[in-house]
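The structure appears below as structure tokens.
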Amino acid sequence: MKHWLMKSEPDAFSITDLQRTTTEPWSGVRNYQARNFMRDDMRVDDKILLYHSNANPSGVAGLATVASAAYPDATQFDVGSDYFDPKATLQSPRWFLVDVRFSKIFPRTIPLAELRLIPDLVDMLLFQRSRLSVQPVEPRHYRLIAALGS
DNA sequence: GCCAACGTTGGC
DNA sequence: GCCAACGTTGGC
């Protein structure tokens, strides 16, 4: 099983929103590397750290799981959507997503600034690739952060 | 709101 | 294929 970190801006879609909808198509990812992780490497039941960016504070807000295999992101075909992509076609979709299932809200968000101070997390990809919104997480990093949020 | 980091686009 | 210009992300 793989472990992931996925970001959302809580003003747009927070972990509380995910709790309410239970399962959500993770639409709007428009970065090729992030797409490739979802399309090629994610499996149902993989574990996810849900990260809030542009938040107060930014940090890991809770846990989720992968709830589907990858499939085309419908918003790429929707002219009215912010995520519309004129170069995408039904025959050859450019953007893919997975469904994400709520599992837990942390009692408090673990702030990025606090994660940076934890010696066992120094090699987390999050710190070097701060703009990658879907990224793999080492199992030991996942376990440590999940424990912090319990 | 500022700005650094960095991913993408497009001319050549 | 290189790289400058540009746009976006995201912390603060």
Side-chain angles (χ1 to χ4, degrees), chain A residues 2-21 24-42 46-67 70-138 140-149:
Chain A
K2 292 191 169 69
H3 298 72
W4 306 95
L5 181 145
M6 298 178 81
K7 297 182 184 177
S8 73
E9 301 201 8
D11 288 349
F13 190 83
S14 71
I15 189 145
T16 306
D17 295 321
L18 182 60
Q19 181 181 43
R20 184 167 40 75
T21 65
E24 187 72 13
W26 212 252
S27 59
V29 173
R30 295 293 181 268
N31 168 282
Y32 289 106
Q33 205 175 355
R35 176 203 68 184
N36 292 347
F37 284 133
M38 289 197 286
R39 188 190 59 189
D40 304 334
D41 298 327
M42 284 194 177
D46 280 359
K47 295 183 174 181
I48 300 166
L49 299 172
L50 215 303
Y51 181 94
H52 280 173
S53 56
N54 285 314
N56 268 307
S58 291
V60 179
L63 305 177
T65 59
V66 175
Y71 61 96
D73 180 342
T75 63
Q76 71 194 299
F77 309 121
D78 176 1
V79 186
S81 168
D82 288 346
Y83 302 115
F84 175 68
D85 184 341
K87 292 179 182 165
T89 64
L90 285 167
Q91 292 71 30
S92 178
R94 177 178 292 201
W95 304 109
F96 290 77
L97 54 69
V98 297
D99 290 344
V100 172
R101 176 174 295 132
F102 174 80
S103 44
K104 172 179 186 174
I105 297 181
F106 287 170
R108 67 178 188 107
T109 292
I110 315 296
L112 176 64
E114 198 172 313
L115 297 174
R116 286 187 187 281
L117 298 176
I118 299 172
D120 286 347
L121 296 181
V122 286
D123 52 342
M124 253 192 112
L125 197 58
L126 178 65
F127 306 136
Q128 294 123 40
R129 302 295 311 285
S130 61
R131 294 181 50 184
L132 187 57
S133 63
V134 175
Q135 55 180 265
V137 170
E138 293 293 331
R140 65 195 175 86
H141 292 161
Y142 177 93
R143 283 193 295 271
L144 197 160
I145 294 170
L148 287 176

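By convention in this document, chain letters (A, B, ...) are assigned in the order of the sequence lines, proteins followed by strands, and residues within each chain are numbered from 1. These numbers come from the heavy atoms of this one structure, side chains and all, not from hydrogens, waters or symmetry mates.
- Contacts of Y32(A) classified as ring-ring contact (aromatic ring centres under 6.0 Å, His included), with partners at least two apart in sequence or in another chain: W95(A).
- Residues from residues 24-38 of chain A with heavy atoms under 4.0 angstrom of DNA chain B, sorted by number: N31(A), Y32(A).
- No donor-acceptor contact under 3.5 angstrom links the side chains of T75(A) and D78(A), judged on distance only.
- No side-chain heavy atom of L63(A) sits under 4.5 Å from any side-chain heavy atom of I145(A).
- In terms of heavy atoms, S8(A) sits closest to S14(A) at OG-CA, 4.3 Å.
- The stretch residues 120-136 of chain A participates, sequence neighbours left out, in these salt bridge (Lys or Arg N to Asp or Glu O under 4.0 Å) pairs: D123(A)-R140(A).
- Residue pairs meeting the ring pair (Phe, Tyr, Trp, His ring centres under 6.0 Å) criterion with at least one member in residues 70-90 of chain A, sequence neighbours excluded, do not occur.
- Annotation: proximity of residues 74-95 of chain A to DNA chain B (heavy atom, distance under 4.0 Å) is found for no residue.
- Residue pairs meeting the side-chain hydrogen bond (donor to acceptor under 3.5 Å, both in side chains) criterion with at least one partner in residues 104-113 of chain A, sequence neighbours excluded, are R108(A)-E114(A).
- In this model, a donor atom of one side chain and an acceptor atom of the other lie less than 3.5 Å apart for T21(A) and E24(A).
- Within residues 46-61 of chain A, the residues having any heavy atom closer than 4.0 Å to DNA chain C are, in order of number, Y51(A), S53(A), N54(A), S58(A).
- With sequence neighbours left out, H141(A) forms a ring-ring contact (aromatic ring centres under 6.0 Å, His included) with no residue at all.
- Sorted by residue number, the list of members of residues 109-127 of chain A with any non-hydrogen atom under 4.0 Å from DNA chain B is empty.
- In this structure D85(A) satisfies the salt bridge (Lys or Arg N to Asp or Glu O under 4.0 Å) test together with R94(A), sequence neighbours excluded.
- Classified by interplanar angle (parallel below 30°, tilted 30° to 60°, perpendicular above 60°), the ring pair H3(A)/Y142(A) is tilted.
- Side chains of D46(A) and W4(A): a donor on one and an acceptor on the other come within 3.5 Å.
- Checked against side chain to side chain contact (heavy atoms under 4.5 Å, CB included), S130(A) has no partners two or more places apart in sequence or in another chain.
- A salt bridge is defined here as a Lys NZ or Arg NE, NH1 or NH2 lying under 4.0 Å from an Asp or Glu carboxylate O, and R30(A) with D73(A) meets this definition.
- The outermost nucleotides of DNA chain C lying under 4.0 Å from heavy atoms of chain A, listed 5' to 3', are dG7(C) to dG11(C).
- Counting heavy atoms from C-beta outward, P10(A) and I15(A) have side chains that stay 4.5 Å or more apart.
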